[in-house]
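Encoded as structure tokens, the structure appears first; notes follow it.
For clarity, every value in this text was computed on a predicted model and none was experimentally measured. We name chains A, B, ... by the order of the sequence lines, and we start the count at 1 in each one.
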Amino acid sequence: MASGVMNVTTAALDWLSAAFDAPLARAVVFGVHIDGHLVVEVLLIAVILFQLSRKSYKPPKKPLTEKEIDNLCEEWVPEPLCPPITKQIEAEAPILESAAGPHTVVDGKEVVNFASANYLGLVGHEKIVDSCIGSLEKYGVGACGPRGFYGTIDVHLDCEKKISNFLGTPDSVLYSYGMSTIFSVIPAFCKKGDIIVADEGVHWGVQNGLYLSRSTVVYFKHNDMASLESTLEKLTRGNKRAEKLRRYIVVESVYQNSGQVAPLDQIVRLKEKYHFRVILDESHSFGVLGKSGRGLAEHYGVPIEKIDIITAGMGNALATDGGFCTGSVRVVDHQRLSSSGYVFSASLPPFLASAAITAVDYLHENPSILETLKNNINILRKGLADVPGLEVTSSSLSPIVFLKLKKSKGSQNSDLQLLEKIVNRVLHEDSVFLVLSKRSALDKCRLPVGIRLFVSAGHSESDILKACESLKRVAALEIA
Amino acid sequence: MVRLPYFSALTTLFSYGLLFAFGQLRDFFRKILDWFKSKDLHGYAPICLGLEDFYTRRLYLRIQDCFNRPIASAPDSWIDVVERYSKDNNKTLHRTSKISKCLNLGSYNYLGFAAADEYCTPQVIESLKKYSPSTCSSRVDGGTTKLHVELEEVVARFVRKPAAIVLGMGYATNSAIIPVLMGKGCLIISDSLNHNSIVNGARGSGAAHLEEVLREQIADGQPRTHRPWKKIIVIVEGIYSMEGELCKLPEIIAVCKKYKAYTYLDEAHSIGAIGKSGRGVCELLGVDTADVDIMMGTFTKSFGSCGGYIAASKEIIQHLRNTCPAHFYATSMSPPAVQQVISAIKVVLGEDGSNRGAQKLSQIRENSNFFRSELSKMGFEVLGDNDSPVMPIMLYNPAKIPAFSRECLRCNVAVVTVAFPATPLLLARARICISASHTREDLIKALEVLSKVGDLVGIKYFPVEPQKDLADETQKKVE
Ligand SMILES: Cc1ncc(COP(=O)(O)O)c(C=O)c1O
């Protein structure tokens, strides 16, 4: 059929060219032979051009009439603002009736507290409370304005200086909220098109920062250096364009989601090999790791300049609130204009900055407290080694001791329910306050859930043993 | 909205053009100089990007001294501004031990709770001793103290909503809550002048002429797929912090109700500051709070503390408690700061057994209206509505920003000037925030200084209204 059509067409064309050939035979215009072929081809091209120049066919677009819009608006039914609350909601968090120190009061009962990241035991410390009182009397509570507009109080500047002196960095900048630190810092330095390689186990603050930056984010396996290396290799090999982009590795020093510690020495080696910059969240290692509490870099003996951007929340070891970011003068100055959580939010209440100053001073003067903390971590880890059905999966350095189910029940939810039962019984029967690694539905972290114990230098040996005993007893009843 | 005068627009554009040209010229020479020195980046792309960094280096650094001025006192009506000096043309500033006592027209201290307060401070110190400055834990773990629970009840009662949730930072309240409520397929209609925290929250959720916009969006549905939107939320602010304007809440509510859109009201600047009993725009404009789906506000302003809240129906708050990441992961709000808010609200409501709250509220209204009318009479271009304690004065030209700020400081008046990132490039302005703790004498002094500086800098864009001598009026008042 198709060939038939072809034949007919060729025949017709032949006939046409022959017809044109006759009168124009051997005519030459500007040295070009004009024969029938040429005429037909020119005609064809003209037709094609004519067709191309016409608008393609579209059904005529009639705008909706007012009436139709009215109807649409009438018919439209929005979803409710929040989904119906299901049965399976978590129990309300316990309500504390005293300071969240190593011992606290819940429901009128004194309990041993493993829920607060009060690593150095500074909650309720007399010196810190005194410095806060002095500050409250002088400066009031809030700073009533962002840093740019008379919200910079001299203690903020002193605190920034204290932190950078302590860490040996050129400068640092304070944030008013621990979690907002990292999610403002990342978008301040990473924009659309930049490349970020991040650990898949980072906490929500980092995830949010990565999302807000709109950069290209590639995740590597949780704390797996081989995976990091192959990711970096894949991203850079033969990619000339990558050299022009800003490239970052984002890691946490102690992962809040698992209690793993990032091997900084290897990360720095890789970063230098592939020319990436490192953004390190030290929230759970600042004031904890290293001989004098200067964090992960000190622990690994890595010069602090090698880490481009360090952030940390101060609501953990320093037992105050807010956060800081430290690094080169350029890194810090850039944030003072471009970091949204810094520019657009009221500054840290001055008494919290005073508390931070006092806490850093205290740590500086009493480095032995770190030994106590390490000791406590070891006692706890040893005591938890043989809890039935549960295993310690955190690093031996980590002040967050992470207990995971040896055998998952099949889903995160059922795991959580079982663990929740254990934790509730431990609290109500033995007065030991433990917490789970609860996750928000918005959290993309898929690491296994578990029980988290925040060890403090303020815990006594008997506190820790009590927790171990209780866990063993309840776990044996619940898991077996 | 501002009507940019033609002449000012021209001169402003010209000034920025000049700054830009000279900046580029200097960058050009810098590049040549740097070229001689060896490159030290070794395969790293520069950490700060071209144009953004250009703005910092060539524009901002020149007038850096007008921002981030450190103070050595509470941000009360009078503050001790620390003097700074620079040895390298403003590139770096150093603190001195010298201070100058200045009248504070910059802080968001609307009700005067910034400084130590006879009722609040003893209670705050009491709570500090009992609970210490931090809980070192998040709200879902071990960070909920009795104070947090009390504050949530007090706030819900104060803003007249069934329930409330409190977070440790106003900014994060917006940026962490909006994504919880609105996901894919939901539309956020946000006022073009909304605060950055809302913009970031809106971005985090993947999702004007309000009525037109609403009709069009409902009719058209989502881009490309044209599926209908799942839900639409309209986000407005009570008082726009850079404009001083009140939002037209009754009209907005009416339209939203008609089109079944949800409303989200950010009362960062209005809660506590306006309304007969300090309950914000709803009270001032006579809107039933039941008609606003979500009411958000911060404690950093009127209440002189830190943190923010969301008040809404019980179900929504419960949903937020179950999902909001800031509730799950962030260190809970510092207990003494929580106490400060509780005590401040009690003062405002008169539950402290005095009428100081009512006095503060009438004081701020009187102060604001007096100051605004005097400024307008002098011929300044003042934005915003009556009753609003925020009053921006238009400056326009970039050269007038530092001139105005420095001259005022020289006369011991601390003002805030706002330029590009916070406002559109051409609409630089000074912003005045009035406080209930300003006395009439303070305000008169401020007006005298502003008038003098305004003449000097040339920002009285409007004709001066014939007026009686200010001093005369004071005399009458004093008598
Ligand atoms: C409208 C609006 N929302 C939210 C915020 C952020 O509040 P905070 O300073 O408590 O972080 C501000 C602060 O300037 C604001 O103006």
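Contact annotation for A:Phe114: neither backbone nor side-chain heavy atoms come within less than 4.5 Å of a heavy atom of chain B. Within the 4.5 angstrom heavy-atom criterion, only side-chain atoms of B:Ile79, from C-beta onward, approach chain A. Contacts of B:Ala268 with chain A are absent, with no heavy-atom separation under 4.5 Å from either backbone or side chain. Only the backbone of B:Ser73 comes within contact range of chain A, judged by heavy atoms closer than 4.5 Å. Heavy-atom distances place the backbone of A:Phe276, and not its side chain, under 4.5 Å from chain B. Looking at A:Pro349, only its side chain comes within 4.5 Å of chain B, counting heavy atoms on both sides. With a 4.5 angstrom heavy-atom cutoff, A:Phe433 touches chain B only via side-chain atoms. Contact annotation for B:Leu320: neither backbone nor side-chain heavy atoms come within less than 4.5 Å of a heavy atom of chain A. For B:Arg139, the part lying under 4.5 angstrom from a heavy atom of chain A is the backbone only. Heavy atoms closer than 4.5 Å to chain A are found in the backbone of B:Ser332, but not in its side chain. Contacts between B:Val416 and chain A at a heavy-atom distance below 4.5 Å involve backbone atoms as well as side-chain atoms. Contact annotation for A:Leu352: only side-chain heavy atoms (C-beta onward) come within less than 4.5 Å of a heavy atom of chain B. The contact between B:Ala115 and chain A is made entirely by backbone atoms, counting heavy-atom distances below 4.5 Å. Proximity to chain A (any heavy atom under 4.5 Å) is restricted, for B:Tyr60, to the side chain, taken from C-beta onward. In this structure, chain A has no heavy atom under 4.5 Å from any part of B:Ser138. Residue A:Val331 touches chain B through its side chain alone, counting heavy-atom pairs closer than 4.5 Å.
For B:Tyr262, the ring pair (Phe, Tyr, Trp, His ring centres under 6.0 Å) test picks out no residue, with sequence neighbours left out.
Ranked by heavy-atom pairs shorter than 4.5 Å toward chain B, the options A:Pro350, A:Ser116, A:Gly140 are led by A:Ser116. Most heavy-atom pairs under 4.5 Å with chain A, from the set B:Ser137, B:Ser107, B:Cys136, B:Ser132: that is B:Cys136. No other option in B:Gly106, B:Ala116, B:Ser334 has as many heavy-atom pairs under 4.5 Å with chain A as B:Ser334. Counting heavy-atom pairs closer than 4.5 Å to chain A, the top-ranked of the candidates B:Lys130, B:His148, B:Arg95 is B:Arg95. Of all the listed residues (A:Ser176, A:Ala117, A:Ala143, A:Gly322), the one sharing the greatest number of non-hydrogen pairs under 4.5 Å with chain B is A:Ala117. Considering only heavy-atom pairs separated by less than 4.5 Å from chain A, the leading option among B:Tyr131, B:Phe113, B:Phe299 is B:Tyr131. If you tally non-hydrogen atom pairs under 4.5 Å between each of A:Leu157, A:Val129, A:Leu245 and chain B, the highest count goes to A:Leu157. In terms of heavy-atom pairs under 4.5 Å with chain A, the best-connected choice from B:Pro335, B:Pro133, B:Pro336 is B:Pro133. With respect to chain A, the highest number of heavy-atom pairs below 4.5 Å among B:Ile71, B:Thr331, B:Thr145 belongs to B:Ile71. Taking chain B as the reference chain and counting heavy-atom pairs below 4.5 Å, the highest number among A:Ala319, A:Ala441, A:Cys144 is found for A:Cys144. Highest contact tally toward chain B, considering only A:Gly315, A:Ala115, A:Gly145, is held by A:Gly315 [criterion: heavy-atom pairs under 4.5 Å]. With chain B as partner, the option from A:Leu442, A:Asn316, A:Leu337 having the largest number of non-hydrogen pairs under 4.5 angstrom is A:Leu337.
A cation-pi arrangement, defined by a distance under 6.0 Å to the six-membered ring centre and an angle within 45 degrees of its axis, is present between A:Lys444 and A:Tyr211.
A:Leu436 and B:Asp141 make their closest contact through O-OD1, 4.0 Å (heavy atoms, listed as atom of the first residue, atom of the second, distance). The two atoms that bring B:Gln340 and B:Ser305 nearest to each other are CG-CB, 3.6 Å, heavy atoms only. Closest approach of B:Gly142 to A:Val435, counting heavy atoms only: N-CG1, 4.5 Å.
Judged purely by distance below 3.5 Å, without hydrogens or angles, the side chains of B:Gln123 and B:Ser127 never pair a donor atom with an acceptor atom. Side-chain contact of B:Thr298 with B:Thr300: a donor-acceptor pair under 3.5 Å is present, judged by distance alone.
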- Evaluate the side chain to side chain donor-acceptor pair (under 3.5 Å) criterion for residues A:Asn257 and B:Tyr329: first the C-alpha distance (whole Å), next the side-chain angles of each, then the deciding distance (0.1 Å), finally the verdict. CA-CA 11 Å; A:Asn257 277 330; B:Tyr329 306 119; 5.8 Å; no

- Task: Check the pair A:Arg277 / A:Asp194 against salt bridge (charged side-chain N to carboxylate O under 4.0 Å, His left out), numbers first and verdict last.
- Result: CA-CA 12 Å; A:Arg277 290 190 174 91; A:Asp194 295 333; over 6 Å; no

- Could you walk me through whether A:Gln335 and A:Tyr175 pass the side chain to side chain donor-acceptor pair (under 3.5 Å) check? CA-CA 10 Å; A:Gln335 290 174 52; A:Tyr175 282 80; 2.7 Å; yes

- Start with the C-alpha distance between A:Asp308 and A:Lys271, add both sets of side-chain angles, then the distance that settles salt bridge (charged side-chain N to carboxylate O under 4.0 Å, His left out), and finish with yes or no. CA-CA 10 Å; A:Asp308 303 86; A:Lys271 147 208 151 84; 2.9 Å; yes

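Side-chain contact between B:Ile99 and B:Val81 is absent, with no heavy-atom pair separated by less than 4.5 Å.
Using modelled atom types, one side-chain atom of A:Ser180 and one backbone atom of A:Tyr177 make a donor-acceptor pair closer than 3.5 Å.
For the side-chain hydrogen bond (donor to acceptor under 3.5 Å, both in side chains) with B:Tyr171, the qualifying choice from A:Ser340, A:Ser345, A:Ser184 is A:Ser340, the only one to do so. Across B:Leu147, B:Leu167, B:Val341, a single residue satisfies side chain to side chain contact (heavy atoms under 4.5 Å, CB included) together with B:Met333, and that is B:Val341.
How far CG of B:Leu93 is from CZ of B:Arg84: 4.5 Å, rounded to the nearest 0.5 Å.
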